[in-house]
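Counting from 1, the numbers follow the sequence of the chain as shown. Just so you know, ligand 1 is whichever comes first in the structure, and atom 1 is the first atom listed for that ligand. Every heavy atom of this structure was used, including side-chain atoms; hydrogens, water molecules and symmetry mates were not.
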Amino acid sequence: MSLDLNLLTVQSARTAVEQRQVTAASLAEGFYKKIESEDKDVHAFLTLSKERALAQAAKIDAMADKGEALPPLAGVPVAIKDVMVTKGVRSTAGSKILENFIPPYDCTAVARLEAAGALILGKLNCDEFAMGSSNENSAYGPVRNPRDLSRVPGGSSGGSAAAVAAGTAVATLGSDTGGSIRQPAAFCGVVGVMPTYGRVSRYGLIAFASSLDHIGPFGKSVSDAALMLRTIAGRDPLDSTSADVPVPDYTAEIGKPVKGLRIGVPKEYFGEGLDAEVRASVEAVIQKLAAAGCEVVNISLPHTKYAIPTYYLIATAEASSNLARFDGVRYGHRSKESKTLSAMYRRSRDEGFGAEVKRRIMLGTYALSAGYYDAYYLKAQRVRTLLTRDFEQAFQQVDAIVTPTTPTPAFKLGEKSDDPLAMYLADIFTVTADLVGIPGMSVPCGKSKEGLPIGCQVLTKHFDEATMFRVGHAIEHACVAH
Ligand code: GLN
């Protein structure tokens, strides 16, 4: 095969298959070879779904041989974070408690990718139940950052970001509850998109915090991410929170000039604790946007400092409730030694869940308990409303907001794993968008002196992913494309 698999994009993979430069089957085989030889160190993949990918490839090849019109992602090799269930393919959520769980149905986002012709290569490593910022909380061992193997890829969708960066999948799906798409995208130097809450169905996403969970794509470029999002977005009767809002053709929107757009720069995102190189890169992006004709507006999001505590109250509260279903009866691991029913529940959970998951269940149960509910959970919901108002006011003045995605580039494995609070702060710039429900993306915008990728975050109004992609594309063009 003469194609360089590392350089393939969604569009170029499809074109190669359509023009019969390569068969979908040999493309799949090529990726499996690459995974076998290159994923040992990175450890992005937990399970391969070879049978499924090859069956799909055979279908696409038959269509192409007959000269039939091919669907938009025909033959594109993709992979899925292991928090999305896949029919007949093990889905672990990065947890021992689901080690042998073979779901009987498909997550809607996965079904839509496959219906559009994509080849599902396999399932990707992640922090257990998507709880983490470094991928060190996976029960199956960490993912390493392909740009520097001594560093974390970010989390919790570390495998999804690393697979795209390593070229072991053309594009991937991840999930974002507090930053888990954007933060690993920034650490691995790829594009990661969290759509508006409700834009993509959560049906078949193993729940962490239902009011914050989002599915979204990773790609090498803004236009790859846009093609992926268009495929998975839109109302799904199987998820009552999925929105009945038309999905624009993002690819057509992307190329529109950014001249005249008003770009907000919130002072709270450029304060203490921001790494000097990250600051310099993002400030350079803002200057480039100004040079492209954008109007740069200094804004304030005054409640930003409450976002982390608010997030960790709401996310843990919802997690403690969602994770109650893992009891050794309905799914996954069941403790063998117990003599009574309640001991079986307790032991199954004790043996199946890892330390971070247990910590969150305890925090969330405490925050929801009688007597503390008003002081913690209800208070957090009120602050969430204040954060929403901050953004409503900002978006009266600006069309998009540009910030750093993370305070620092990728840190070393082990650097923060004994200090949960330090780890929680890795999400300081990302959690707010999840709380407010607006879309956000991370676009690579530079490198540190050590060669580590730096990401720039773009936030827009609810359901205005089109403007987000336009600004993201302009940043990509200014920072990467030459
Ligand atoms: N790092 C955050 C957490 O640990 C966010 C995780 C996520 O977005 N899934 O909760």
Side-chain angles (χ1 to χ4, degrees), residues 80-84 93-95 124-139 142-143 152-161 172-188 192-195 197 200 202 205-218 307-323 353-364 367 380 405-408 410-411 415-417 419-442 455 457:
I80 311 294
K81 183 179 183 181
D82 213 15
V83 290
M84 282 162 251
S95 181
L124 296 163
N125 204 349
C126 57
D127 283 305
E128 184 174 2
F129 288 104
M131 296 173 184
S133 307
S134 67
N135 224 119
E136 292 164 297
N137 295 337
S138 166
V143 177
V152 303
S156 61
S157 314
S160 308
T172 59
L173 291 184
S175 67
D176 195 312
T177 303
S180 283
I181 290 176
R182 291 158 290 152
Q183 187 253 20
F187 280 9
C188 292
V193 171
M194 176 184 71
Y197 184 80
V200 175
R202 288 181 293 112
L205 171 66
I206 296 173
F208 164 7
S210 310
S211 79
L212 297 160
D213 291 343
H214 308 70
I215 291 174
F218 288 84
I308 289 269
T310 304
Y311 168 78
Y312 276 98
L313 280 166
I314 294 174
T316 56
E318 292 186 13
S320 72
S321 160
N322 274 326
L323 269 53
F353 288 139
E356 182 62 27
V357 174
K358 288 176 183 161
R359 180 179 300 125
R360 306 253 179 142
I361 292 173
M362 286 191 283
L363 283 168
T405 308
T406 56
T408 65
F411 44 89
E415 196 178 315
K416 296 186 202 277
S417 41
D419 185 351
L421 265 183
M423 191 71 92
Y424 295 172
L425 290 173
D427 302 312
I428 193 153
F429 298 145
T430 50
V431 293
T432 319
D434 297 86
L435 288 165
V436 175
I438 54 172
M441 75 189 296
S442 181
Q457 177 172 240

So, is [X] polar-close to ligand 1, with some N/O to N/O distance under 3.5 Å?
X: G155; result: no
X: M131; result: no
X: A130; result: yes
X: S175; result: no

Notebook entry, point to check: Are any of the side-chain heavy atoms of M194 and D434 separated by less than 4.5 Å?
Noted result: yes

Next item on the list: Measure the shortest side-chain to side-chain distance between R182 and F429 over non-hydrogen atoms and say whether it is less than 4.5 angstrom.
Entry: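 A side-chain contact under 4.5 Å is absent here.
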
Next item on the list: Could you list which atoms of ligand 1 come closer than 4.0 Å to a heavy atom of Y311?
Entry: 2 (C), 3 (C), 5 (C), 6 (C), 10 (O)

Margin query: With heavy-atom distances below 4.0 Å as the criterion, list the atoms of ligand 1 near G178.
Written below: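 Atoms satisfying the 4.0 Å criterion: 5 (C), 7 (C), 8 (O).
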
Check: What part of Y424, side chain from CB on, backbone N/CA/C/O, both or neither, has a heavy atom under 4.0 Å from ligand 1?
Finding: neither

Notebook entry, point to check: Where on D427 is there a heavy atom closer than 4.0 Å to ligand 1, on the side chain, on the backbone, on both, or on neither?
Noted result: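 D427 to ligand 1: side-chain contact only, backbone stays beyond 4.0 Å.
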
Notebook entry, point to check: Would Y424 and Y311 count as a close aromatic pair, with their ring centres under 6.0 Å?
Noted result: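 Distance test on ring centres: not under 6.0 Å, no.
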
Margin query: Rounded to the nearest 0.5 Å, what separates atom OG in S138 from atom CG in L124?
Written below: 11.5 Å

